Each structure stands twice: as structure tokens, then as C-alpha cells.
There are 2 protein chains.
Amino acid sequence: MLFHFKDKFPQLSTYWDKYLEFQQRMEVPAKTVLLEEGKVSGHYFFVEKGCVRLCFNNNGNDKTVQFFFENEGLTSFESFLKNTPSLFTIETIEPSVVYLLPKKHLTNLMDELSQEPDFIKMMLAISAERQLHYMHEFVSFIRDTPEQRYQNLVSERPHIVQRVPQHYIASYLGVSRVHLSRIKSALAKKR
Amino acid sequence: MLFHFKDKFPQLSTYWDKYLEFQQRMEVPAKTVLLEEGKVSGHYFFVEKGCVRLCFNNNGNDKTVQFFFENEGLTSFESFLKNTPSLFTIETIEPSVVYLLPKKHLTNLMDELSQEPDFIKMMLAISAERQLHYMHEFVSFIRDTPEQRYQNLVSERPHIVQRVPQHYIASYLGVSRVHLSRIKSALAKKR
DNA sequence: TGCATTCGGTAACATATGTTATCGCCCGGC
DNA sequence: GCCGGGCGATAACATATGTTACCGAATGCA
């Protein structure tokens, strides 16, 4: 994560450098649990290589909320923010290289940077983007059929469809894996 | 909106006072369109009395995204932020009293206040809460049946069910109004 | 008062989606 | 090379949900 910010905000590079040493690099196989549902999130994660999903277990049904790929950062946001048990699990999908930044260091970093107007603007912008992301997802559920949502995914975020096993995508779209399979074959016939 | 902030942040009251005069008070009947889909959002709205919905038209189908009541502020966020055509309409549900603050004044106010650490923290907190709100909505679509979502609404935000016509609630829950009626009668039988 | 409009309930039918089960393919470990 | 697990397709059936149509109550307005 810090590498990423360093590229974007070189003028703040002294800050980034100071915290680089606190990051822990992990090289893990697929299906590695980085944070378990019910535990308090104590790290911010940054994906250098591979991919990761945010998910949860609902009465034995595995549901995926979001996918993360190279150069994306994540945490179980609500848990991280409020020190509450995480509603979600964070788990690798592919063999991955991940950096962990412990919460206390990120908090310190944020405090230091709260004096920097550039940084504040960036934080607000990032926060606004996330808000819009989830809002768009929400609106899509109200507006679109599962078939349309799948087509949106294919056209707007094809890397997800290419790299992620289909049953994860099914739960992300809010349908059963059987039905996603039907959707795909229906779309194939249409051409 | 400014009244509201003044209560919460009395230490910043000189700021609020300065902008109070720019607010325009409107008293409007039900079903008044405050912002039309496709136009650029130029105001921030604050509901003093009544209620308002954020909605859009999807091939002739009316869909509701969110409800707002007394002492809540809103705008078509993406349009307001990026000066793009609004994806949404803002419309009163009940006869309402609404305050409008033109965008340029809100922008000025934000610029002035960007020096105030308290204000920044508040903005980030508000933004985080909105993000969590939409994320919870999104997760609910993945996790819950329409019946469960209706029950959540009844138990967590009963004022919505009490004050808002049912067909708006149906589209907000992502079902047809006929099906919401079925859900209600099924729940009534269960007791 | 009378009338149109809005709103909510219900029925009947069509379609979408879930569930369970089975099959085949591919791939990694041994 | 063999084997088991993960993955995806498909079928058959059950259930959920949409669509259209109709009715009646409540409401606001002429």
C-alpha cells in the first residue's frame, strides 16, 4: 500500500519511507485466510500479486462481497474502524503476495498526515469513490436482472470473470452457481 | 443543513452563521421534483419537515434508492461531486419544507473549513458512515431474501414503513409491489 | 356531493431462480 | 500413471417472483 501511495504522492515520500519497515510481506497459497470472520481486523492489506476476496458465511452458504487484485488495498473496513468483530473473512483466491500493515502504524500515519491538505483531499476522494462504488452495486440490484449484472461485470471488469472461479462470482451477483451457469449458456445462444 | 451542523459543532458557529443567508427555504407539496434525472445537481438539500426520496426511471419503471426524513441532508452525490448529469431524481413524498444551499456556497464553506481538524474528522466520519450504509444495503441483497429485507426494514427503520407508500418501498427492496403485498400477508399469517 | 386518482390487496398465469443430483473435465499431488 | 478434489454444465423438479388484471377503500379536489 505504501509503495502505491508513494507513486501517487511523491511529495509525501518521507512519510511513506518512515513506515515502510512496519509492513510485513507474506507469500501465501490459494485459499489462505488472512482475516477470519468474527475477529477484529488489526491489519491493512495490500495485494502485490494474486487476488483476494472479501466474503462471509451465511448459514453454511459462502457469499462473496468483493474482489481485490494487484495494487489494491483492503481491510474489513467496519471492523478496522470501530474495533468490532469482522462480519467478513478475507481469503486469497490465487497464490498471492500480500503486505500487512498493522493498524496502529496506519493510525499513526494518518494522524501525522492529517496536517497535509493534499492528503486530506485524497482521503476524502478515496472515501467518496468507495461510497459511489457500493452505491452503484446497490442500484444495480434494484435496477438490473442477474443476467444484466453478469453482462456488466463482463464488460466493465472482465478481469474478474477471467480470473475468479465461477461459484464465487455467482454469490457476488446474488444468484446460485447453477443459475449463473444457465445465464452463461443463455448468453452464448444469443450470438 | 447548517442548522444541523451548528447544533453538532457549536465551536464552528461563526462559519455556519456566515452561510445561513445563502440558504433558500422552500415549502412544497407532495410529489414535487427538486432535481430532475439528467440535470446537473447544483444544490445541497436539507429536509426540515416532510420526506423525500432519491429515485430514477428505468424503462418506465420507477425505482427508489433511498428515503430522507426530518433533519437529514442529501444531494445527488455523484452529480454534485463531478458535475455530471444526475442519474437520479429527487422528489418529495409528503408535503415538505426544504432548504436549498447552492453548490458554490457549500464549496466555499468546505474550503474554509478544510483548515479545521475537527471538521475534517467529521467529514471523514460522515463519509465512512455513508460507505458503510451502502455496503450494508449491498450485502443485504447478497445475503437476504426479500422477505428478510422487509423484516429488517420494519425492525430497523420502522418510520420508513409507516410513512412511505408501499410501492416505493417495494422498488427499494428490489421486488414488485404485488410481491411485497404477498410478503406482508405471508408475515401476517405467521403470527 | 360526486368524481378521479392513488393506494393496497388478491387471483391466475408466466417466468425466473433455487435445490438437488449427476456427469465429465482438468489439474495437482503422490 | 493414478487418484481425488475442484470446477463447471445440465436436467428435473420445487419454489419464488413478475405480470397483468380486477376490486375496493381512502383521499383530495371540483
Side-chain angles (χ1 to χ4, degrees), chain A residues 28-33 50-51 53 55 58-64 67 91-96 140-151 153-154 160-191, chain B residues 28-33 50-51 53 55 58-64 67 91-96 140-151 153-154 160-191:
Chain A
V28 294
K31 301 209 178 197
T32 304
V33 172
C51 73
R53 69 190 183 111
C55 55
N58 187 47
N59 301 329
N61 280 110
D62 179 273
K63 306 277 183 180
T64 298
F67 302 103
E91 183 183 283
T92 56
I93 294 174
E94 301 173 357
S96 303
S140 174
F141 269 97
I142 288 177
R143 184 189 54 207
D144 303 329
T145 64
E147 180 171 320
Q148 287 170 314
R149 284 207 302 285
Y150 178 71
Q151 285 181 294
L153 205 63
V154 169
I160 292 183
V161 181
Q162 285 155 16
R163 286 175 69 174
V164 173
Q166 195 166 305
H167 55 283
Y168 295 155
I169 295 177
S171 72
Y172 173 70
L173 292 174
V175 299
S176 67
R177 62 215 178 94
V178 175
H179 193 61
L180 179 54
S181 196
R182 276 197 285 247
I183 287 171
K184 284 181 71 173
S185 78
L187 286 176
K189 278 182 195 166
K190 285 186 183 173
R191 306 177 187 180
Chain B
V28 294
K31 299 209 177 197
T32 304
V33 171
C51 73
R53 69 192 184 111
C55 55
N58 186 48
N59 301 328
N61 280 111
D62 178 274
K63 306 277 183 181
T64 298
F67 303 103
E91 183 184 283
T92 56
I93 294 175
E94 301 173 358
S96 303
S140 174
F141 269 96
I142 289 177
R143 184 191 53 207
D144 302 329
T145 64
E147 179 170 322
Q148 287 170 313
R149 283 206 302 287
Y150 178 70
Q151 285 181 294
L153 205 63
V154 170
I160 293 183
V161 181
Q162 285 155 16
R163 287 175 68 175
V164 173
Q166 196 167 304
H167 54 283
Y168 295 155
I169 294 177
S171 72
Y172 173 71
L173 293 174
V175 299
S176 67
R177 62 216 179 91
V178 176
H179 193 61
L180 178 54
S181 197
R182 276 197 283 248
I183 287 171
K184 284 181 71 174
S185 79
L187 287 176
K189 278 181 194 165
K190 285 187 182 173
R191 305 174 188 180

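As a basis for the values below, the full set of heavy atoms in this structure was taken, side chains included, without hydrogen atoms, waters or symmetry mates. From a predicted model like this one, the values you see are computed outputs, not experimental measurements. Residue numbers start from 1 in every chain, and the chains themselves are labelled A, B, ... in the order their sequence lines are given, proteins ahead of strands.
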Practice problem: Run the numbers on Leu153(B) and Tyr172(B) for side chain to side chain contact (heavy atoms under 4.5 Å, CB included), then give the verdict. | Solution: CA-CA 10 Å; Leu153(B) 205 63; Tyr172(B) 173 71; 3.8 Å; yes
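Using a 4.5 Å heavy-atom cutoff, the side chains of Cys51(B) and Ile93(B) are in contact. Side-chain contact check for Ser181(A) versus Val178(A): every heavy-atom pair is 4.5 Å or farther apart.
Atom CD1 in Ile183(B) sits about 17 Å away from atom P in dT15(D), given to the nearest Å. Atoms NE2 (His179(B)) and C1' (dG9(C)) sit 15 Å apart, rounded to a whole Å. We find that CD of Gln166(A) is positioned 5 Å from P of dG8(D), with the value rounded to whole Å. Here dG18(D) presents its P atom at 10 Å from CG of Leu180(B), a figure rounded to the nearest Å. Atom-to-atom, CG of Asp62(B) to P of dG18(D) comes out at 15 Å; the value is rounded to the nearest Å. At whole-Å resolution of the value, CG in Asp144(B) and C1' in dT17(D) are 17 Å apart. Atom CZ of Arg177(B) is separated from atom P of dT10(C) by 14 Å (rounded to the nearest Å). Rounded to whole Å, atom P of dA16(D) lies 18 Å from atom OH of Tyr150(B).
Within 4.0 Å of Val175(B), counting heavy atoms only, lie sugar-phosphate atoms of the nucleic acid but no base atom. Nucleic acid contact class of Thr145(B) (heavy atoms, under 4.0 Å, all strands): none.
With distances taken from any side-chain atom of Ser185(B) to the nucleotides dT19(D), dT19(C), dT10(C), the minimum falls on dT10(C). Picking from dC7(C), dA21(D), dA11(D) the nucleotide with the shortest atom distance to the side chain of Val178(B) gives dA21(D). Set against dG9(C), dG8(D), dG18(C), the side chain of Ser181(B) has dG9(C) as its closest nucleotide.
Here CD1 of Ile183(B) is found 9.0 Å from OH of Tyr150(B). Values are rounded to the nearest 0.5 Å. Of the inter-residue distances, the one linking Arg143(B) atom CZ with Arg149(B) atom CZ reads 10.0 Å to the nearest 0.5 angstrom.
Each of Arg182(B) and Tyr168(B) was matched to the nucleotide of DNA chain C holding its nearest heavy atom; the match closer to the 5' end belongs to Tyr168(B).
Side-chain nitrogen and oxygen atoms of His167(A) include at least one within less than 4.0 Å of the OP1 or OP2 phosphate oxygen of dG8(D). Distances shorter than 4.0 Å separate none of the side-chain N or O atoms of Lys184(B) from OP1 or OP2 on dG8(C).
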